[in-house]
Novice: 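Quick one: structure below, then a few questions.
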Amino acid sequence: MNIPQRLAVLREVMRREHLAAFIFPSTDPHNGEYIPSHWKGREWISGFDGSAGTAVVTMHSAALWTDSRYFIAAAQQLEGTGFTLMKERISGTPTIPQWIASQRQAADSTEVGIDGNVCAHSMVESLVEELRDNGGLTLRTNLDPLKEIWTDRPPIPHDKVAVQPMQYAGEDTQHKLSRIRTALRTQHADGMLVTALDDIAWTLNMRGSDVHCNPVFVSYLLISTQHATLYINQDKLDADALAYLKSQGVDVADYDDVAKGLADYFEYNILLDPNAVNHTLYQAAAKQRILPLPSPIPVMKAVKNEQERLGFKQAMLRDGIAMTKFLAWLLPAVRQGGQTELSVTEKLESLRAEQDLYHGPSFDTITAYQHHGAIVHYEPTADSDIPLQPEGLLLVDSGGQYTDGTTDITRTIALGPLTDEQRRVYTLVLQGHIRLQMLHFPEGAAGTQLDAIARSPLWQHGYNYLHGTGHGVGAFLNVHEGPHQIRMEWKPTPLMPYMTVTDEPGIYLEGRFGVRIENTLITMPCDETECGRFLCFDTLTLCPIDTTPIIGDMLTDEERQWLNDYHRQVRTAISPYLTAEEQQWLQQATEEI
């Protein structure tokens, strides 16, 4: 079925169920950013495949809300589908309840549907209130029309789960559970339901392959004062995994029995994070016992232990070797001809695959030439792939999953002559990138308070970007990890010692080009003064930054020194692993400016 046909069969269900509209969020029962194909209902109904967005269908129209990362891509993908693009955070864009109210015909029902299994409880509560305020609309949460109309729906993954060795995990599960229970007691909670897949994987020191590019597995974890139960399809656990869980004091039950486990929960109260637990499971627990508080696990997971920090450095070294080999190969290959966005993507993947402990990409590689670079989350396909010429800018945002760490790096490379505008924009982005990494800041500062440092050179020239400047990175886990972020929107989680975070400012000029430069950093204790402890950043990523586009007069002496010092560090670390020809290239690429 094409998209109009899918809308037609959906509307037949809506008519039978007396629904004025149905809402399809991007998430799954675990509120994930990246989700198994089984729950990609929003993509199936709309055709839009970005990681963030909400589709809404009424009896007469359809619309999709997404953020600035996907404005260009969504406009292209929605063409001819019957969906209208709604640009979030842009003046004049209605909210979902406002739009539904405006589209409702006088004879239509006042009931709106959403599957309570795939949206957080807080989202449902907010929708209930907003729909009521927009014409007395009501919300129904017990229907999943995709069970009926998505006839070739992929199954929930059944892949096996593996134990993460202690040499990489650095802390056993029993100790993590003890720390979690201590944190729960400080919140006067007797237990909690863990629904985020990366939180479960981190707690249990186990990894899976149920989500594309993310080494997690579909499950729930119920923790009480004395017990812990993993709800999972038990076919996913071999004898070694079962024995390991038993040794760590973790029982096993069927995935579909989690609601029953909540109903039978015997402690006095339970912590359920309303922003993480889906509405259906939230309703399954006894309401009088719920403590609606944030989970303590994300902050614990974000602070890397000594073994995790060592693993990151080792993974970044191997990733840097692959990236350096790729960059040394790239320009001669482009000059020779025949290279496209997809072909160089495949080359980079093959070089990463040569590295020890490599499992695959940490996200789908963004290889964006010239005007495609202005599409923030562009991914080349057979239809969009274009040849590379020895001119202009190529933006490559990529990363790898290694047993000892996860990497995320962006480089924008001059393939030949550039315009003055391209050089100026590149230099401004580099200035913002460097200034954030040079920063010393007081312990307790949140990423929002640091965000303007990276943006200030851009703002001075009238440029801005609407995505975040930095996000956490998991230890052989999800490449996007919270709760800390560096972004304009208020994110109150303070940056603490040994948190990983990216530094990725950018400028995107639609129809022309885009520039982004990204390293992965780790926060470190730095200075102790009479005003308290200060933190700084240690750069984990090891890869040359292209110096050919730089307008040297725009850099300060301090910025120039940082870049020269960084390149000296890269050269020292990477050179021993390269061929003589690659070493010569690296020497030239990291010469002082």
Novice: Can you list everything that forms a side chain to side chain contact (heavy atoms under 4.5 Å, CB included) with Pro361? Sequence neighbours excluded, please.
Specialist: Cys213, Glu349, Tyr358

Novice: Just checking, is any N or O donor in the side chain of Asp408 or Thr520 under 3.5 Å from an acceptor N or O on the other one?
Specialist: no

Novice: Considering only NZ, NE, NH1 and NH2 on the basic side and carboxylate oxygens on the acidic side, decide whether Asp451 and Arg455 come within less than 4.0 Å.
Specialist: yes

Novice: Does a side-chain N-to-carboxylate-O contact under 4.0 Å join Arg568 and Glu592?
Specialist: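 Salt bridge flag = yes for Glu592 with Arg568.
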
Novice: Would you mind writing out the side-chain donor-acceptor pairs for residues 327-335 within the sub-3.5 Å range, not counting sequence neighbours?
Specialist:
none

Novice: Test: ring-ring contact (aromatic ring centres under 6.0 Å, His included). Region: residues 428-452. Which pairs qualify, not counting sequence neighbours?
Specialist: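 Sorted result for residues 428-452: Phe441-Phe537.
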
Novice: Salt-bridge test for Arg352 and Asp319: reply yes if a basic N is under 4.0 Å from a carboxylate O, no otherwise.
Specialist: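 Answer for the salt bridge query: yes.
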
Novice: Return yes if a side-chain donor-acceptor contact under 3.5 Å exists between Ser343 and Glu346, otherwise no.
Specialist: no

Novice: Checking side-chain polar atoms at under 3.5 Å, does Ser295 have a donor or acceptor matched by the opposite partner on Asp273?
Specialist: no

Novice: Could you tell me whether a side-chain N or O of Thr410 sits under 3.5 Å from a main-chain N or O of Ile517, the two making a donor and an acceptor?
Specialist: no

Novice: Between Ile366 and Val396, is any pair of side-chain heavy atoms under 4.5 Å apart?
Specialist: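 Ile366 does not reach Val396 side chain to side chain.
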
Novice: Check Lys236 with Asp210, please: is the shortest side-chain N to carboxylate O separation under 4.0 Å?
Specialist: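 So Asp210 pairs with Lys236 through a salt bridge.
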
Novice: Regarding Thr539 and Gln437, is there a side-chain donor-to-acceptor distance under 3.5 Å anywhere?
Specialist: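 Side chains of Thr539 and Gln437: pair found under 3.5 Å.
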
Novice: Are any non-hydrogen side-chain atoms of Ile200 and Val216 less than 4.5 angstrom apart?
Specialist: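 With C-beta onward as the side chain, the pair stays apart.
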
Novice: Between Tyr465 and Ile507, is there a side-chain heavy-atom distance shorter than 4.5 Å?
Specialist: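 Result no, sub-4.5 Å side-chain heavy-atom pair not found.
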
Novice: State whether a side-chain donor-acceptor pair under 3.5 Å links Tyr34 with His212.
Specialist: no

Novice: So, Glu504 and Thr502: side-chain donor and acceptor under 3.5 Å apart, yes or no?
Specialist: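 Their side chains do contain a donor-acceptor pair, which is all the 3.5 Å distance test asks for.
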
Novice: For the residue pair Gln561 and Asp557, confirm or rule out a side-chain donor-acceptor distance under 3.5 Å.
Specialist: no

Novice: Under the criterion ring pair (Phe, Tyr, Trp, His ring centres under 6.0 Å), I'd like the reasoning laid out for His480 against Phe363: C-alpha separation, chi angles, the key distance, then a yes or no.
Specialist: CA-CA 10 Å; His480 290 165; Phe363 57 95; 7.2 Å; no

Novice: Begin from the C-alpha positions of Arg571 and Thr590 and carry the test side-chain hydrogen bond (donor to acceptor under 3.5 Å, both in side chains) through to its verdict.
Specialist: CA-CA 7 Å; Arg571 187 168 59 246; Thr590 57; 2.7 Å; yes

Novice: Are the side chains of Met488 and Thr448 in contact, using a 4.5 Å heavy-atom criterion?
Specialist: no

Novice: Is it true that a side-chain atom of Lys325 and a backbone atom of Leu578 form a donor plus acceptor pair closer than 3.5 Å?
Specialist: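 Absent.
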
Novice: Is there a side-chain contact between Leu436 and Leu450 (heavy atoms, below 4.5 Å)?
Specialist: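 Yes; the side chains approach each other to less than 4.5 Å.
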
Novice: Would Trp562 and Tyr566 count as a close aromatic pair, with their ring centres under 6.0 Å?
Specialist: yes

Novice: Could you list all the salt bridge (Lys or Arg N to Asp or Glu O under 4.0 Å) pairs where at least one residue sits in residues 197-209, not counting sequence neighbours?
Specialist: Asp198-Lys301, Asp199-Lys301

Novice: Sequence neighbours left out, what passes ring pair (Phe, Tyr, Trp, His ring centres under 6.0 Å) with His38? Give chain and number order.
Specialist: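 Result, ring pair (Phe, Tyr, Trp, His ring centres under 6.0 Å) vs His38: none returned.
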
Novice: Strictly below 4.0 Å, N to O, side chains only: are Arg533 and Glu443 in salt-bridge contact?
Specialist: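 So Arg533 pairs with Glu443 through a salt bridge.
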
Novice: With the threshold set at 4.0 Å, does a side-chain nitrogen-carboxylate oxygen contact exist between Arg89 and Glu489?
Specialist: yes

Novice: Under a 3.5 Å threshold, yes or no: a donor from one side chain and an acceptor from the other, between His377 and Ser51?
Specialist: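 Distance-only check fails for His377 and Ser51.
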
Novice: Are Tyr508 and His467 an aromatic pair by the rule of ring centers under 6.0 Å?
Specialist: yes

Novice: Please tell me whether His371 and Phe513 form a close aromatic pair, meaning their ring centres lie under 6.0 Å apart.
Specialist: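 No: the rings miss the under 6.0 Å criterion.
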
Novice: According to ring pair (Phe, Tyr, Trp, His ring centres under 6.0 Å), who are the partners of Trp585, at least two apart in sequence or on a separate chain?
Specialist: none

Novice: Does any non-hydrogen side-chain atom of Glu43 lie less than 4.5 Å from one of Ser26?
Specialist: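 Side chain of Ser26 against side chain of Glu43, heavy atoms only: no contact under 4.5 Å found.
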
Novice: Quick one: do Arg411 and Glu518 make a salt bridge, cutoff under 4.0 Å?
Specialist: no

Novice: Looking only at side-chain N and O atoms, does Thr406 offer a donor or acceptor that is under 3.5 Å from a partner on Gln401?
Specialist: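 Yes.
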
